[in-house]
Amino acid sequence: MSVIASNNQRMKFPEVNAERRDFLRKVEEKWQRRWEESGLFEADPDPSRPKFFVTFPYPYINSFPHLGTAYTVLRVDILARFKRMQGFNVLFPQGWHATGGPIVAAALRVREGDEKQIRILKSIGIPDSEIPKFRDPEYWVEFFRKGFKQDFSRYGLSIDWRREFFTTYLNPPYSKFIQWQYTVLREKGLITRGSHPVVWCPKEHKVVGDHDRPDEYAGIGPERVVIIKFKGEDGLVYPCLTYRPETVYGAVNIWVNPESKYLVAEVDGEKWVIGEYGARELADQDHSVKIVGEVKGSELVGRFARNPVTGWRIPVLPAYFVQADAGTGIVMSVPAHAPYDFAGLEDLKKDPYLLEKFGLDPAILDAVRPVKLIDVEEYGGLPAEEVVRRLGVTSQFDREKLEEATKEVYSKEFYKGVLKPEVFGERWGGRKVFEVKEDVVENLVSRGIALRHYTLPSPVYCRCGARTHVKLVKDQWFLRYSDPEWKRRAHECIDRMRFVPEEVRQEFHRLVDWYEDWACTHERELGTPLPWDERWVLESLSDSTIYMAYYTLAKYLQHPEKYGIDWSKLNNEFFDYVLLGKGDPGSVAERTGIPKELLEEMRKEFLYWYPVDMRVSGKDLIGNHLVFFIMHHVAIFPEEHWPRGIGVNGWVLVAGKKMSKSAGNFILLREALEYWGADATRFAEAYAGNSGLDDGNFEPEVASKAVDLLYEWYEFAVNNYGKGDENRRFVDDWFESVLYRTLEKVTKEYEELNTKNVLVEGFFNLQNAYRWYVKRRGGTANKEVLKKFVEIQTLILAPITPHIAEEIWEATGHKEFISRTSWPAVDKSKIKDEVEKAESIVVKLYEDIQEVLKLKKSGVERITIVAPSKWKYGFLEGVKRRYSTYGKLSQAISETIKEVEPSLKPAAGQLASLIQKNPEVLDLLVSPEAEQKALSDALEFLKDSLGVPVELVAEEELRENPRARTTLPGRPSIILS
RNA sequence: GCGGGGGUGCCCGAGCCAGGUUAAAGGGGGCGGACUCAAGAUCCGCUGGCGUUGGCCUGCCCGGGUUCGAAUCCCGGCCCCCGCACCA
């Protein structure tokens with residue numbers, strides 16, 4: 001069992017044969033060492049060979065890789081190994097991603113002694129004594145970088161480690177590369193500035209990222225809302241904050257919290273009543289706010305204001321669910337559609353004292369009646385009322401249920417709700433909420449009734465203790481993804497690329513269209529500073545776009561000890577030259593101190609490897625990283641360097657469920673490697689699924705089983721290679737045909753990265769075919785055929801289970817690494833349709849005899865198989881030919897009968913009805929010689945396996961037997977006696 | 001709601017685009033047998049129902065349709081998963 005301790009109960013792995021597993025692991029270590037020693041996967045430019053450049057998106061290194069990471073990266077490795085065997089010069093590099101907030105946030109939590117964070121670290125096997133080191137973000141990067149590399153190596157990935165690197169300023173040459181990229185983008189006018197909402201700490205005057213706040217506030221960000229201004233009869237503006245501005249048409253009162261304090265403030269020249277929080281937030285979102293006084297909520301109750309769109313005179317009423325310190329502190333009441341509002345009104349109706357205590361006459365409610373604005377099929381009456389009653393909401397204080405109710409009504413109405421024409425008129429009536437919402441807002445804003453605003457959906461506190469709010473920062477940098485010309489080039493690139501599976505191509509087109517400008521910088525996260533404005537750091541997705549180009553240079557840049565490159569001298573001219581071919585290498589050499597020859601070598605290296613041939617990724621990156629990958633390539637590089645292919649796969653489920661710690665099926669790669677070893681884990685991962693958006697399924701049973709399967713294959717291969725006899729029989733042709741046909745199929749499946757199909761066709765089915773072959777041959781095999789089988793089977797397995805394949809290859813006397821051995825060519829001359837068909841006649845015959853014998857039960861002494869007369873083959877041939885042209889079987893038969901010589905007509909009539917009863921014989925039709933050969937070759941086998949003597953007799957010799965006359969090509973009669 | 005992917009036998013899963021060779025590959029699990037002192041491993045068989053000559057019936061989410069023929073094509077419906085953004 002795993003030595004890794006876990007607080008969560010992990011599933012028990014199915015039992016594995018430890019002896020065999022240990023053998024496999026020893027083999028794995030041996031070959032990993034040899035690969036490394038020989039530099040097998042270190043790929044350098046070689047103009048004499050075609051290149052193939054594959055990449056796996058660098059993982060974020062805040063933990064160890066798990067089976068999900070392992071699933072996708074294995075597909076990259078399988079492709080790399082397959083292509084390598086096909087004769088390509090394959091480059092498979094790997095880097096690590098450290099840019100962004102989570103590592104910084106996690107390190108801070110460790111520093112604060114956050115128990116949850118520490119538990120996470122312990123659960124992945126970090127000893128207590130090591131925990132303090134994780135207070136430092138840099139240690140995380142270093143630690144998990146090593147962990148990833150170790151796991152990937154032990155997994156047997158064929159990576160060129162000389163090109164390894166990690167991101168952020170911690171790696172200066174990479175940082176320079178990123179800065180070069182952004183300089184180029186800026187020069188091309190693809191970077192712009194604008195305002196952008198952020199979570200802001202008013203005390204420390206800084207942006208509050210996830211790492212600046214206690215864990216419970218993580219992930220909460222600014223949300224778009226609208227403030228609608230209701231003019232009070234007291235001359236004040238009542239700013240109602242809402243997520244659903246369209247419902248202002250049904251606002252029948254205003255809510256304030258009578259127990260809270262409000263401010264009177266001059267906002268953009270108008271006098272507003274507003275909560276203190278709202279005033280602060282407004283001031284930070286481009287509004288002038290001057291506080292001029294204070295007012296108690298209770299004083300506001302009973303006043304009147306005008307609904308700005310309907311003109312209704314509506315009262316200000318007390319509600320306790322309103323929070324003065326959130327939003328503006330004032331909300332409009334739409335009791336037909338908002339459960340809180342409905343519940344608030346109900347409370348007032350039920351208990352007149354709630355109004356009386358503010359000196360109000362409960363009759364004030366008479367005019368406050370819900371107005372229905374939106375139709376949704378599910379709700380016949382008032383949606384808010386129905387949901388409130390169904391969920392059993394008791395009062396406005398029943399928060400939990402009201403939240404649920406609000407969520408339900410909101411989402412149903414937003415997506416399915418249709419605006420009532422009698423309220424919304426021609427412009428919006430009859431249309432769906434989500435379609436017109438923006439237009440409604442636009443309209444309200446342009447009429448000066450409303451303003452756009454950002455706020456937080458719930459309070460967020462900064463680490464320093466201060467309450468945060470949303471501020472609009474003005475100098476945020478954006479990538480201009482909305483640029484039509486940029487999009488056009490991206491579409492062009494997508495049109496030319498290869499996608500596996502093909503379905504995702506359209507998805508990329510759609511995504512490119514949908515993208516708007518992207519805020520590409522953050523403050524105080526790990527990353528690379530913006531070159532022209534260094535207080536900003538490039539955000540994580542934005543710095544991971546064209547780094548595959550960096551792999552071609554990393555060999556030089558990451559190894560100053562070997563090439564003597566001075567990082568501090570790297571500049572934009574350097575990258576301009578090596579990546580874009582701009583400028584003069586001589587002057588670049590002077591400026592950077594890099595010899596001209598070396599610069600030219602680097603330029604050549606880039607030109608040799610680029611573009612990326614295939615980037616394989618999980619489907620989770622389709623909507624973000626992979627789009628960026630395309631966008632930035634088309635922006636920066638000439639067309640010949642645009643990406644050539646993207647392969648996508650689903651998640652991997654473990655034992656049929658999404659991997660999660662609570663489900664107990666969260667498995668780290670290192671745990672799997674320890675328990676099953678690399679090859680068996682790889683086998684099970686490859687068997688988990690094919691290309692496509694469907695999720696794969698890693699079954700632990702398969703991994704355990706794979707240990708046996710691989711071990712047995714090793715034993716078989718080693719013990720049987722070179723064994724066998726010299727006899728050449730019909731079944732030998734058959735098995736050879738199957739062998740090469742399988743190879744042909746498998747080659748196609750590898751091209752499409754359908755790894756599961758590879759194993760089904762290329763391993764399980766082939767193994768079963770071999771079993772049949774041996775059985776058919778009475779327990780023997782032909783020496784040459786057996787040799788070919790061992791070789792091809794091992795070669796087929798090599799990309800998936802390379803270690804054991806190497807071991808077998810060596811043990812069977814091959815000198816070269818199997819990893820470097822040519823993928824076998826399909827010998828088409830060996831693929832014989834007729835032979836395979838003839839053998840399937842035997843298979844079918846065998847099964848049929850068994851079935852008949854089972855039913856017969858009583859003693860059978862002899863089985864006679866009736867070989868059909870020759871003319872029947874000719875007849876079937878005629879029928880088959882005509883059937884394929886006419887498409888009608890009956891017509892094909894009657895036409896054929898006409899041609900039969902008169903003496904055979906009666907027999908032909910009987911034959912015709914047999915064909916109609918058994919049309920499958922048309923597909924099994926082979927020449928009489930082939931069928932004869934197959935059947936006579938099978939006699940011995942039939943006799944042995946059925947335990948009854950079997951003879952093959954020509955139809956002509958059994959004229960008196962009615963059953964003999966019904967014998968058909970492809971379906972010889974069986975006579976039991 | 002929009003966009004994408006799905007729903008296949010005890011479980012997983014191929015097939016579907018290009019309809020027939022499909023009672024439906026392959027794997028897992030289960031059951032039985034051989035071997036063994038025994039367990040494991042391995043090998044063989046069974047794993048929808050009925051049937052004493054290779055057959056019949058039922059069957060691929062549900063309901064219709066096209067066709068000589070549908071798991072596959074068309075129409076309608078139900079259900080599940082993923083994405084809908086400032087970020088790994």
Take F64(A) and F144(A) through the test ring-ring contact (aromatic ring centres under 6.0 Å, His included) and record every step on the way to the result. CA-CA 6 Å; F64(A) 293 123; F144(A) 286 115; 5.1 Å; yes
Using Watson-Crick geometry (N1-N3 plus N6-O4 or O6-N4) or G-U wobble (N1-O2, O6-N3), each under 3.5 Å, rG15(B) is paired with rU8(B)
With a 4.0 Å cut-off on heavy atoms, is P222(A) in touch with a base, just the backbone sugar-phosphate, or nothing at all? nothing
For atom C1', what is the distance between rG49(B) and rA34(B), given to the nearest Å? 30 Å
Could you list the residues that satisfy side chain to side chain contact (heavy atoms under 4.5 Å, CB included) with F716(A), not counting sequence neighbours? W713(A), N720(A), Y770(A), L786(A), F789(A), V790(A)
Rounded to the nearest Å, what distance is computed from the CG atom of residue L876(A) to the C1' atom of nucleotide rU21(B)? 15 Å
Walking RNA chain B from its 5' end, the first of E701(A) and G100(A) to be reached, judged by nearest nucleotide, is E701(A)
Could you tell me the separation between the CG atom of D848(A) and the P atom of rG54(B), rounded to a whole number of Å? 9 Å
Checking side chain to side chain contact (heavy atoms under 4.5 Å, CB included) against P972(A), which of V953(A), T864(A), I865(A) comes through? I865(A)
Test: D833(A) and K837(A) ion pair at under 4.0 Å: no
If I pick the P atom on rA25(B) and the same atom on rG76(B), what distance separates them, to the nearest angstrom? 32 Å
Sorted by chain and residue number, the ring pair (Phe, Tyr, Trp, His ring centres under 6.0 Å) partners of Y481(A) (sequence neighbours excluded) come out as W486(A), Y515(A), F628(A), H632(A)
Please give the distance between the P atoms of rG77(B) and rC68(B) as a whole number of Å. 28 Å
Could you check which nucleotide pairs with rU22(B) in any of the strands shown, counting Watson-Crick or G-U wobble with both distances under 3.5 Å? none
Nearest-angstrom distance from the residue atom OH of Y454(A) to C1' of rA85(B): 13 Å
In whole Å, what is the span from the CG atom of L845(A) to the P atom of rG54(B)? 14 Å
Does K657(A) reach a base, just sugar-phosphate, or nothing at all? Heavy atoms under 4.0 Å. nothing
Name the pairing partner of rG1(B), where a pair is Watson-Crick or G-U wobble with both distances under 3.5 Å, or state none. rC84(B)
What's the separation between atom CG in L946(A) and atom OH in Y846(A), rounded to the nearest 0.5 Å? 6.0 Å
Scoring nucleotides 38-47 of chain B by protein non-hydrogen atoms under 4.0 Å (B base, S sugar-phosphate only, - none) yields ---SS-SS--
Is the closest basic N to carboxylate O distance between D513(A) and K487(A) below 4.0 Å? no
Identity of whatever pairs with rU42(B) - Watson-Crick or G-U, under 3.5 angstrom: rA34(B)
Distance between P atoms of rC57(B) and rA24(B) (Å, rounded): 15 Å
Kindly state whether the ring of Y58(A) and the ring of Y547(A) have centres lying under 6.0 angstrom apart. yes
Report the distance from atom CH2 of W518(A) to atom P of rC87(B), rounded to the nearest whole Å. 7 Å
Need one value for H625(A): base, sugar-phosphate or nothing, where a base atom within 4.0 Å counts as base even if backbone is also close, heavy atoms only. nothing
Please measure how far the C1' atom in rG19(B) lies from the corresponding atom in rC56(B), and state the result in whole Å. 24 Å
Quickly work out the L538(A) CG to rC86(B) P distance and round it to whole Å. 18 Å
Between rC16(B) and rC50(B) - C1' atom distance, rounded Å: 31 Å
Whole angstroms only, please: what is the CD-P distance between Q767(A) and rG28(B)? 12 Å
Give the rounded distance in Å between these two atoms: CD1 of I974(A) and C1' of rG54(B). 5 Å
Is rU53(B) paired to anything, Watson-Crick or G-U wobble with both distances less than 3.5 Å, and if yes, which nucleotide? none
Integer angstrom distance from the C1' of rC60(B) to that of rA14(B): 12 Å
Any base atoms under 4.0 Å from S542(A), or only sugar-phosphate, or nothing? Heavy atoms, all strands. nothing
Can you name the residues that form a side chain to side chain donor-acceptor pair (under 3.5 Å) with E516(A), not counting sequence neighbours? none
Least distance between heavy atoms, K880(A) atom then L925(A) atom: CD-CD2, 4.3 Å
When all nucleic acid strands are considered with a 4.0 Å heavy-atom cut-off, which category describes Y515(A): base, sugar-phosphate, or nothing? base
Per-nucleotide protein contact along nucleotides 1-14 of chain B, 5' to 3', at a 4.0 Å heavy-atom cut-off (B base, S sugar-phosphate only, - neither), is B-SSSS-----SSS
State which of rG54(B), rG27(B), rC87(B) makes the closest approach to the side chain of H522(A). rC87(B)
N768(A) side chain near rG27(B) phosphate (N/O to OP1/OP2, under 4.0 Å): yes
Apply side chain to side chain contact (heavy atoms under 4.5 Å, CB included) to K756(A) and list each qualifying residue two or more places apart in sequence or on a separate chain. Y687(A), N690(A), V760(A)
Using the P atom in both, what is the distance from rA70(B) to rC61(B), to the nearest Å? 15 Å
For a ring-ring contact (aromatic ring centres under 6.0 Å, His included) with F698(A), tell me which candidate from F13(A), W676(A), W651(A), Y71(A) qualifies. W676(A)
Given that E851(A) and S540(A) both sit by RNA chain B, which one's nearest nucleotide is further toward the 5' end? E851(A)
